[in-house]
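Naming convention: chains lettered A, B, ... in sequence-line order (proteins, then strands); numbering from 1 in each chain.
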Number of protein chains: 2
Amino acid sequence: MQNSTDEVQQKVEYFSTVVRDAGVKVTHQRLEIFREIVTHSGHPDVETIHQGVRQRIPTVSLDTVYRTLWMLLDLGLIATLGSPRERTRFDANTRPHHHFICKRCGIARDFYSVECDQITIPPEVHTMGSVEKTQVEIQGVCHQCNKVNSLPSK
Amino acid sequence: MQNSTDEVQQKVEYFSTVVRDAGVKVTHQRLEIFREIVTHSGHPDVETIHQGVRQRIPTVSLDTVYRTLWMLLDLGLIATLGSPRERTRFDANTRPHHHFICKRCGIARDFYSVECDQITIPPEVHTMGSVEKTQVEIQGVCHQCNKVNSLPSK
DNA sequence: CTACATGCAAAGGGTTTGCACGACA
DNA sequence: TGTCGTGCAAACCCTTTGCATGTAG
């Protein structure tokens, strides 16, 4: 469930480089927040990260955790499960299908693919639990958003 | 972007049957909320659904929409994109990987698969936008939760 | 030393709940 | 007619923001 000490150390160093190069300060808080996510591979939510970091920095505040997480996301050092800052959305399509999701405007469009429906599930997954549903999610940028972005900016 | 009138009608009838059989009342509001999701295949969020239904039932309240959506979810008539009621979670794994997610406790575990990494993207997806990332999400129930559930209940 | 980051507290926005009235079966 | 559903409003989160203080570079 944990990355090796070496791996963690390596990632932390990479973090320092990227953050510094981005002209952002490498603070104690930021380092420990990043370390917290890297050390535990369980995909924690904000509160779990906050609790974890508090064991080492008891005064760290929740809003610092939030601000740091969005910064790490911007720099590509971490990712989110699903789209960030997104609300629950509903789907009444009962046919097996898959999604293309625009990371900019959030639009989700269905597509159908026998290959995607019939993916072989690796044996290790069966050691995790029982499988009920398999879905492919393709992230990208929709044509509409691409157009908007390619306009001459101010 | 819309289902055909026939398809919508068929789904609405199915909805009525399932709801009735579950011992839940088929009200005007519930019918229109369901129709709203079925009519638009764009995976709306709660507010979008509320706005849409208000055009036909101006007095419908937001909390009725919420309550109805969770009920439809319980009955399996609709699904959510990603897990319902879930907060943003973070991932510092930069290797290409895929997720097994327990629909009961929400735990997310990584797995690796060359086949999943190399899925052929259907041509129609390229008409939707540019592709940046493809990920497979397997939903199921983890062994831990399966154990809890198989205990004799009260 | 200076600009940026932090912690605090208060505001903001989405979601849930309690309660009295209204409507399906 | 009885029971369940609805609308309203208040409560309840989680998340964001403004500001004075602290600190990395």
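Of the side-chain N and O atoms in A:T64, one or more sit less than 4.0 angstrom from OP1 or OP2 of C:dG7. Distances shown here put a side-chain N or O of A:Q29 below 4.0 Å from the OP1 or OP2 atom of C:dG7. Between A:T27 and C:dC4 there is no side-chain polar atom (N or O) within less than 4.0 angstrom of OP1 or OP2.
One donor-acceptor pair, N or O on each side, does fall under 3.5 Å between the base of D:dT3 and the side chain of B:K25. Residue side chain A:R87 does not reach the base of C:dG13 through any donor-acceptor N/O pair under 3.5 Å, judged by distance alone. In this model, no side-chain donor or acceptor of A:R20 finds a partner on the base of D:dG25 within 3.5 Å.
For B:V26, counting side-chain heavy atoms from C-beta on, the closest listed nucleotide (C:dT17, D:dT17, C:dA25) is C:dA25.
The residue among B:T88 and B:S61 whose nearest nucleotide of DNA chain D lies closer to the 5′ end is B:S61. Projected onto DNA chain D by closest heavy-atom contact, A:E47 and B:V24 fall at different nucleotides, the more 5' of which corresponds to B:V24.
Legend: residues meeting ring pair (Phe, Tyr, Trp, His ring centres under 6.0 Å) with B:H50, ordered by chain and number and at least two apart, are absent.
Distance A:I33 CD1 to C:dG7 C1': 12 Å, rounded to the nearest Å. Note: CG (B:D45) to P (C:dG14) measures 9 Å, nearest angstrom. As a whole-Å value, the separation of A:R54 CZ from C:dG7 P is 11 Å.
Using cut-offs of 30° and 60° for the angle between ring planes, the B:H43 and A:H97 rings count as parallel. Using bins of under 30°, 30° to 60° and over 60° for the plane-to-plane angle, the ring pair A:F111/A:H98 lands in the tilted bin.
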**Q.** side-chain hydrogen bond (donor to acceptor under 3.5 Å, both in side chains) between A:Q29 and A:T64, intermediate numbers included
**A.** CA-CA 8 Å; A:Q29 286 89 335; A:T64 296; over 6 Å; no

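Here B:R85 lies in heavy-atom contact (under 4.0 Å) with sugar-phosphate atoms only. In this structure, A:R30 reaches the sugar-phosphate backbone alone: every heavy-atom distance under 4.0 Å involves primed, P, OP1 or OP2 atoms, never a base.
For the pair A:E36 and A:R56, the salt-bridge criterion is met [side-chain N within less than 4.0 Å of a carboxylate O].
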